[in-house]
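Okay, handing you the structure first.
Remember, it's 1-based here, ligands and their atoms both numbered in the order they're listed.
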Amino acid sequence: ASCGIGAAISRQLAAAGAKVAMAARRENLLKEIQDEISKEGGVALAVRCDVKNRAGVKELIQYTERTLGPVDILVNNAGYWAFRCMKNLHEEEWDEQVDVNVKGLLNCIGAVISGMCERKSGHIVNMSSDCVKQPFVGLAVYAGSKYFLEGMSRTLRQEVCKDGVRVTCVQPGDVDTPGAVKTLMTLEDEQCKALYSYPHPALEPEVIAQAVLYAVAQPDHVAVNEILVEPRECPL
Ligand SMILES: NC(=O)C1=CN([C@@H]2O[C@H](COP(=O)(O)OP(=O)(O)OC[C@H]3O[C@@H](n4cnc5c(N)ncnc54)[C@H](OP(=O)(O)O)[C@@H]3O)[C@@H](O)[C@H]2O)C=CC1
Ligand SMILES: N[C@@H](C=O)C(=O)O
């Protein structure tokens with residue numbers, strides 16, 4: 001939650017009255033967001049955590065529950081991507097996408113799901129992508145990781161709906177974030193350059209945060225299972 005969509009979600013959830021625990025590797029950025037939230041009268045914790053570290057994620061959740069109480073909402077937002085064609089064999093980036101987007105997701109869900117089922121209440125929000133609706137050149141491995149997220153979410157939803165737990169997938173189109181800027185500035189494959197090296201409409205991170213807020217603010221019996229949000233000028 002140190003920048004981009006995660007930071008916007010933290011700010012909006014805190015403004016809506018949630019006590020927010022924010023996790024990322026760059027603790028200094030988290031502290032700045034924590035200060036902003038506190039100045040606005042909200043409650044936020046900033047905890048350094050790498051979602052790839054399962055034990056670290058469990059410690060994050062234990063610390064959060066000791067400090068703020070049980071986790072009612074888990075937002076799995078941490079994600080990594082780069083526009084690279086598979087033939088160029090950026091295998092370390094493939095690993096990073098699997099480690100963060102797939103294994104990191106599982107680490108976070110694994111740290112909260114039993115507690116939510118025991119308490120008969122909880123909401124898991126998973127940050128997916130519009131790439132699960134349409135292929136984008138350069139995002140093959142990333143799309144695979146988000147297809148995992150979607151398939152896991154659909155099945156988990158079946159398993160936990162009777163335990164009072166909801167699972168929402170948010171599918172953003174292009175959003176103007178530090179991660180998006182970085183990946184668009186480091187295009188190296190000619191096919192990707194031809195497709196993506198031009199200004200194109202992108203959403204503000206706050207728009208995606210509003211979608212999250214909408215999903216988690218519904219009455220208990222209402223499940224917003226999927227939300228696809230795109231710039232108007234870029235329909236699929
Ligand atoms: N921007 C876009 O166009 C779209 C984004 N998405 C998805 O939205 C999510 C957020 O993306 P966006 O805000 O754009 O990305 P950014 O790169 O701007 O931000 C990513 C956030 O994830 C955190 N993060 C990354 N790796 C880890 C890790 N190993 N452990 C803990 N935190 C981590 C980063 O914190 P830190 O580096 O400090 O650890 C940072 O706060 C991602 O899942 C992405 O796939 C989906 C569709 C479109
Ligand atoms: N919208 C995708 C990129 O183009 C993404 O998920 O990042």
Atom 14 (O) of ligand 1 [closest protein heavy-atom partner, distance rounded to 0.1 Å]: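 Here the closest protein heavy atom is Thr177 OG1, 2.6 Å.
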side-chain contact (heavy atoms from CB on, under 4.5 Å) between Val20 and Val43, intermediate numbers included: CA-CA 6 Å; Val20 178; Val43 177; over 6 Å; no
More than 12 non-hydrogen atoms from neighbouring residues, nucleotides or ligands closer than 6.0 Å to CD on Gln134, yes or no?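 Correct, the count exceeds 12.
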With a cut-off of 4.0 Å, which atoms of ligand 1 are near a heavy atom of Asp174?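 Matching atoms, with element in brackets: 3 (O).
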Could a heavy atom of Leu139 be found less than 4.0 Å from some atom of ligand 2?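 It does; at least one heavy atom falls under 4.0 Å.
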Atom 19 (O) of ligand 1: the protein heavy-atom neighbour that sits closest, reported with distance to 0.1 Å: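 For atom 19 (O) of ligand 1, the nearest protein heavy atom comes out as Cys3 SG, 3.4 Å.
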For Tyr80, which part has a heavy atom under 4.0 Å from ligand 1: side chain, backbone, both, or neither?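 Tyr80 to ligand 1: no contact under 4.0 Å from either part.
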Using a 6.0 Å cut-off, check whether atom NZ of Lys182 has over 12 heavy atoms from anything other than its own residue.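 Atom NZ in Lys182 is not packed in, count stays at 12 or less.
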Could you identify the single nearest non-hydrogen protein atom to atom 4 (O) of ligand 2 and state the distance to 0.1 Å?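 Looking at atom 4 (O) of ligand 2, the protein heavy atom closest to it is Asp174 OD1, 3.1 Å.
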side-chain hydrogen bond (donor to acceptor under 3.5 Å, both in side chains), that's the test. Do His90 and Glu96 meet it? Break it down for me. CA-CA 10 Å; His90 286 280; Glu96 183 70 3; over 6 Å; no
Would you mind listing which atoms of ligand 2 come within a distance below 4.0 Å of any non-hydrogen atom of Trp81?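 Counting from 1, the qualifying ligand atoms are 7 (O).
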Residues Glu36 and Lys39 bridged, charged N to O under 4.0 Å: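 Answer for the salt bridge query: no.
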Are more than 12 heavy atoms from other residues, nucleotides or ligands located less than 6.0 Å from atom CZ of Arg157?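 More than 12 within 6.0 Å, yes.
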Is the closest heavy-atom distance from Phe136 to ligand 2 below 4.0 Å?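 Contact absent.
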In terms of atom number and element, which parts of ligand 1 are under 4.0 angstrom from non-hydrogen atoms of Gly173?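 Contacts of ligand 1 toward Gly173, numbered from 1: 3 (O), 47 (C), 48 (C).
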Lys/Arg-Asp/Glu bridge criterion (N-O < 4.0 Å) met for Lys120, Asp163: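 Looking at Asp163 together with Lys120, the answer is yes, because their closest N to O distance falls below 4.0 Å.
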Could you check which of Lys146, Lys182, Met127, Met22 puts a non-hydrogen atom nearest to atom 8 (O) of ligand 1?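 It is Met127 that holds the nearest heavy atom.
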Please state which protein non-hydrogen atom is closest to atom 6 (O) of ligand 2 and give its distance, to 0.1 Å?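 The closest one turns out to be Ser129 OG, 2.5 Å.
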Shortest protein contact, atom 9 (C) of ligand 1 (heavy atom only):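 Answer, as residue, atom name and distance: Asn77 O, 3.1 Å.
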Please state which protein non-hydrogen atom is closest to atom 1 (N) of ligand 2 and give its distance, to 0.1 Å?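 I find the closest protein heavy atom is Asp130 OD1, 2.9 Å.
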Identify the protein heavy atom lying closest to atom 46 (C) of ligand 1, giving its residue, its atom name and the separation to 0.1 Å.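 Looking at atom 46 (C) of ligand 1, the protein heavy atom closest to it is Ser128 O, 3.1 Å.
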Just to confirm my output: which protein heavy-atom neighbour is closest to atom 22 (O) of ligand 1, and how far is it?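 Result: Ala78 CA, 3.6 Å.
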Quick one: does Val51 get an N or O within less than 3.5 Å of an N or O on ligand 1?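 N/O-N/O distance under 3.5 Å: yes.
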What atoms of ligand 1 come closer than 4.0 angstrom to any heavy atom of Gly4?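 Contacts of ligand 1 toward Gly4, numbered from 1: 13 (O).
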Give yes or no for whether the N/O distance cutoff of 3.5 Å, strictly under, is met between Ala23 and ligand 1.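 So ligand 1 has no N or O lying under 3.5 Å from an N or O of Ala23.
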With a 4.5 Å limit on heavy-atom distance, are the side chains of Lys133 and Gln171 in contact?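 With C-beta onward as the side chain, the pair touches.
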Heavy-atom count check: over 12 atoms from other residues, nucleotides or ligands less than 6.0 Å from Glu40 CD?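 Not buried by this count: 12 neighbours or fewer within 6.0 Å.
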Does Lys146 reach the main-chain N or O of Met127 with its side chain, forming a donor-acceptor pair under 3.5 Å?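 The answer is yes, because a donor-acceptor pair under 3.5 Å joins these two groups.
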Cys131: heavy atom below 4.0 Å from ligand 2, yes or no?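 No, that is not the case, since the closest heavy atom of the residue is not under 4.0 Å from the ligand.
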May I ask you to identify the nearest protein heavy atom to atom 37 (O) of ligand 1, giving residue, atom name and distance to one decimal place in Å?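 Looking only at protein heavy atoms, the one closest to atom 37 (O) of ligand 1 is Arg25 NH2, 2.9 Å.
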Under-4.0 Å salt bridge between Glu206 and Arg11: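 Here Glu206 does not pair with Arg11 in a salt bridge, since their nearest N and O are not under 4.0 Å apart.
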Taking atom OG of Ser197 and atom CG of Leu184, what is their separation to the nearest 0.5 Å?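 Atom-to-atom, Ser197:OG and Leu184:CG are 8.0 Å apart.
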Pull out every atom of ligand 1 sitting under 4.0 Å from any heavy atom of Cys49, numbered as shown with elements.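 Near Cys49, the atoms of ligand 1 are 30 (N), 31 (C).
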Could you tell me if any non-hydrogen atom of Ala202 lies under 4.0 Å from any atom of ligand 1?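 Outside the 4.0 Å threshold, so no.
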Would you say ligand 1 has an N or O under 3.5 Å from any N or O of Ser129?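 So ligand 1 has no N or O lying under 3.5 Å from an N or O of Ser129.
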Sub-4.5 Å side-chain heavy-atom contact between Ile124 and Leu156: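 Answer yes - side chains close enough.
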Other residues, nucleotides, ligands: >12 heavy atoms within 6.0 Å of Glu91 CD: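 Counting other residues, nucleotides and ligands, CD of Glu91 exceeds 12 neighbours.
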Any donor and acceptor pair, going by atom type alone, linking the side chain of Arg166 with main-chain N or O of His221 inside 3.5 Å?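 The answer is no, because no donor-acceptor pair under 3.5 Å joins these two groups.
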Note the single closest protein heavy atom to atom 20 (C) of ligand 1, along with its residue, its atom name and the distance in Å.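 Result: Gly79 O, 4.1 Å.
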Show, in sequence, the C-alpha distance, side-chain angles and deciding distance for Asp130 and Phe136, and conclude whether the side-chain contact (heavy atoms from CB on, under 4.5 Å) test is met. CA-CA 9 Å; Asp130 64 350; Phe136 293 94; 3.5 Å; yes
Would you check if the side chain of Gln34 reaches a backbone N or O of Leu30 as a donor-acceptor pair within less than 3.5 Å?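 Side chain of Gln34 to backbone of Leu30: no pair is present.
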Using a 4.0 Å cutoff against the non-hydrogen atoms of Gly173, which atoms of ligand 2 qualify?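 Counting atoms of ligand 2 from 1, those under 4.0 Å from Gly173 are 1 (N).
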For ligand 2, is Tyr142 a contact, meaning one of its heavy atoms is under 4.0 Å away?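 Yes, Tyr142 has heavy atoms under 4.0 Å from ligand 2.
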Need the ligand 1 atom indices (1-based, order shown) with element for anything under 4.0 Å from a heavy-atom of Ala1.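 It comes down to these atoms of ligand 1: 41 (O).
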Does the side-chain contact (heavy atoms from CB on, under 4.5 Å) test come out yes or no for Leu149 and Val102, once each step is laid out? CA-CA 7 Å; Leu149 177 152; Val102 175; over 6 Å; no
Using a 4.0 Å cutoff against the non-hydrogen atoms of Gly179, which atoms of ligand 1 qualify?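 Reading through ligand 1 atom by atom, the close ones are 16 (P), 17 (O), 18 (O).
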Show which atoms of ligand 1 fall inside a sub-4.0 Å distance from at least one heavy-atom site of Asp50.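 Listed by number with element: 28 (C), 29 (N), 30 (N).
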Counting heavy atoms only, which of Ser2, Cys131, Gly104 is nearest atom 41 (O) of ligand 1?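 That would be Ser2.
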Part of Phe83 with heavy atoms under 4.0 Å of ligand 2, whether side chain, backbone, both or neither: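 Side chain only.
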Is the closest N or O pair between Trp81 and ligand 1 shorter than 3.5 Å?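 No, no N or O pair falls under 3.5 Å.
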Under 4.0 Å to a heavy atom of Ile5 - the qualifying atoms of ligand 1, by number: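 This gives 5 (C), 8 (O), 13 (O) as the contact atoms.
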Got an N/O contact under 3.5 Å between Tyr142 and ligand 1?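 Yes.
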In terms of heavy-atom contacts, does NZ of Lys103 have more than 12 from other residues, nucleotides or ligands at under 6.0 Å?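 No.
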Heteroatom proximity flag, Val175 to ligand 1, N/O under 3.5 Å: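 In this structure, Val175 places an N or O atom under 3.5 Å from an N or O of ligand 1.
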What residue and heavy atom of the protein are closest to atom 47 (C) of ligand 1, and at what distance?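 Answer for atom 47 (C) of ligand 1: Pro172 O, 3.3 Å.
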Has Arg119 got more than 12 heavy atoms of other residues, nucleotides or ligands less than 6.0 Å from its CZ?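 Yes, the 6.0 Å shell around CZ holds more than 12 heavy atoms from other groups.
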